[in-house]
Amino acid sequence: TDNAQRIRGFVCPPQTGIYTFWIASEAKSQLWLSTNTNPQNKRIMSKIDGGTRKNQWNKYASQQSESIFLVAGNQYYIEAIMNHGGHLSVGWKMPDNSLDRPISGRYLSTWKEKNNQVITFFGIPDKLTTDEAFTIGASASSGLPVDFSILSGPATVTGTTVTLTG
């Protein structure tokens, strides 16, 4: 695909309830939405196999999504992909039936690449090698899962459980 475009970030709905999404683009495109902030949970919502005029929301039935329940204040990973250049926009109908097409910037936030994310580790109290196994945890600003491994020292880690071995 020459000149493919991918726009991704997070959408934060202002109301709890049923939303419908649309995509409009100059060329073949797809709209993906996750069930949370994790891109691995995304699913296709709508698509265009041809093209539309700018902000033309009703040329193809496939450019309108099925209804989806979203919770106000939660962030959801959103991604739009289009082959070739040109215009691309995404709109939605909110639970109060108001249309926001394209989606206003106040409901969107930027995507941070994995190498720009912040990882926050949950506190770990001091431990002795004679202590029982303990659990560790962390969260990533990207919403991606955090995995653990031991780089050096007498310990093993299985999932989030650490055992000091010596």
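Quantities reported herein were computed from a predicted structural model and do not represent experimental measurements. Position 1 is the first residue of the sequence; numbering continues from there.
- Summarising the geometry of K54 relative to H87, their closest heavy-atom pair is N-NE2, 3.3 Å, with the distance given to 0.1 Å.
- Nearest heavy atom pair, residue T37 against residue F10, reads O-CE2, 3.4 Å.
- Side-chain contact between Y60 and D49 is absent, with no heavy-atom pair separated by less than 4.5 Å.
- Rounding to the nearest 0.5 Å places CD of Q30 at 10.5 Å from CD1 of I48.
- A distance of 4.5 Å separates CD1 in I78 from CD1 in I103, rounded to the nearest 0.5 Å.
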Begin from the C-alpha positions of N41 and Y77 and carry the test side-chain contact (heavy atoms from CB on, under 4.5 Å) through to its verdict. CA-CA 9 Å; N41 296 327; Y77 175 82; over 6 Å; no
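- More than 12 heavy atoms of other shown residues, nucleotides or ligands fall within 6.0 angstrom of atom NZ in K59.
- Here the options are I136, T161, T158, V162, the test is side-chain contact (heavy atoms from CB on, under 4.5 Å), and the partner is F148; only I136 passes.
- For Q64 (side chain) and W22 (main-chain N/O), no donor-acceptor pair under 3.5 Å exists by modelled atom type.
- Between V90 and A80, the shortest heavy-atom distance links the atoms CG2-CB, 4.2 Å.
- M94 CE to Y19 OH: the interatomic distance, rounded to the nearest 0.5 Å, is 6.0 Å.
- Residues Q56 and N58 form a side-chain contact, since some pair of their non-hydrogen atoms from C-beta on lies under 4.5 Å apart.
- With hydrogens and angles disregarded, a donor-acceptor distance shorter than 3.5 Å links the side chain of Q15 to the backbone of D96.
- Here the CG atom belonging to N74 is positioned 9.0 Å from the CG atom belonging to N36, to the nearest 0.5 angstrom.
- Taking both residues in full, the closest heavy atoms of W57 and S89 are given as CH2-OG, 3.4 Å, listed atom of the first, atom of the second, then distance.
- By the rule that hydrophobic residues join a cluster once side-chain heavy atoms approach within less than 4.5 Å of another member, F21 and L99 end up as members of separate clusters.
- A side-chain contact (heavy atoms from CB on, under 4.5 Å) with K47 is found for exactly one of S65, S29, S62, namely S62.
- Counting only heavy atoms from C-beta outward, the side chains of V11 and L33 approach each other to under 4.5 Å.
- Taking OG1 of T163 as the reference point, atom CG of D131 lies at 11.5 Å (rounded to 0.5 Å).
- In this structure, the side chain of T20 does not engage the main chain of S67 through any donor-acceptor pair within 3.5 Å.
- Between I23 and S46 the shortest heavy-atom distance is CG2-OG, 3.6 Å.
- Checking F69, W92, Y107 one by one against P13, the side-chain contact (heavy atoms from CB on, under 4.5 Å) holds for a single residue, W92.
- In summary, the side chains of Q75 and S109 do present a donor paired with an acceptor at a separation below 3.5 Å, with no hydrogens or angles considered.
- With values rounded to the nearest 0.5 angstrom, Q40 atom CD is found 9.0 Å from S34 atom OG.
- No chain of hydrophobic side-chain contacts below 4.5 Å, direct or via other Ile, Leu, Val, Met, Phe, Trp or Tyr residues, connects M45 to I81.
- Around NZ of K28, the count of heavy atoms belonging to other residues, nucleotides or ligands within 6.0 Å does not exceed 12.
- Between T16 and P95, the closest side-chain pair of non-hydrogen atoms is not below 4.5 Å.
- The cluster map of Ile, Leu, Val, Met, Phe, Trp and Tyr, joined by side-chain heavy atoms under 4.5 Å apart, puts W32 and L88 in different clusters.
- Taking both residues in full, the closest heavy atoms of E26 and M82 are given as N-SD, 3.8 Å, listed atom of the first, atom of the second, then distance.
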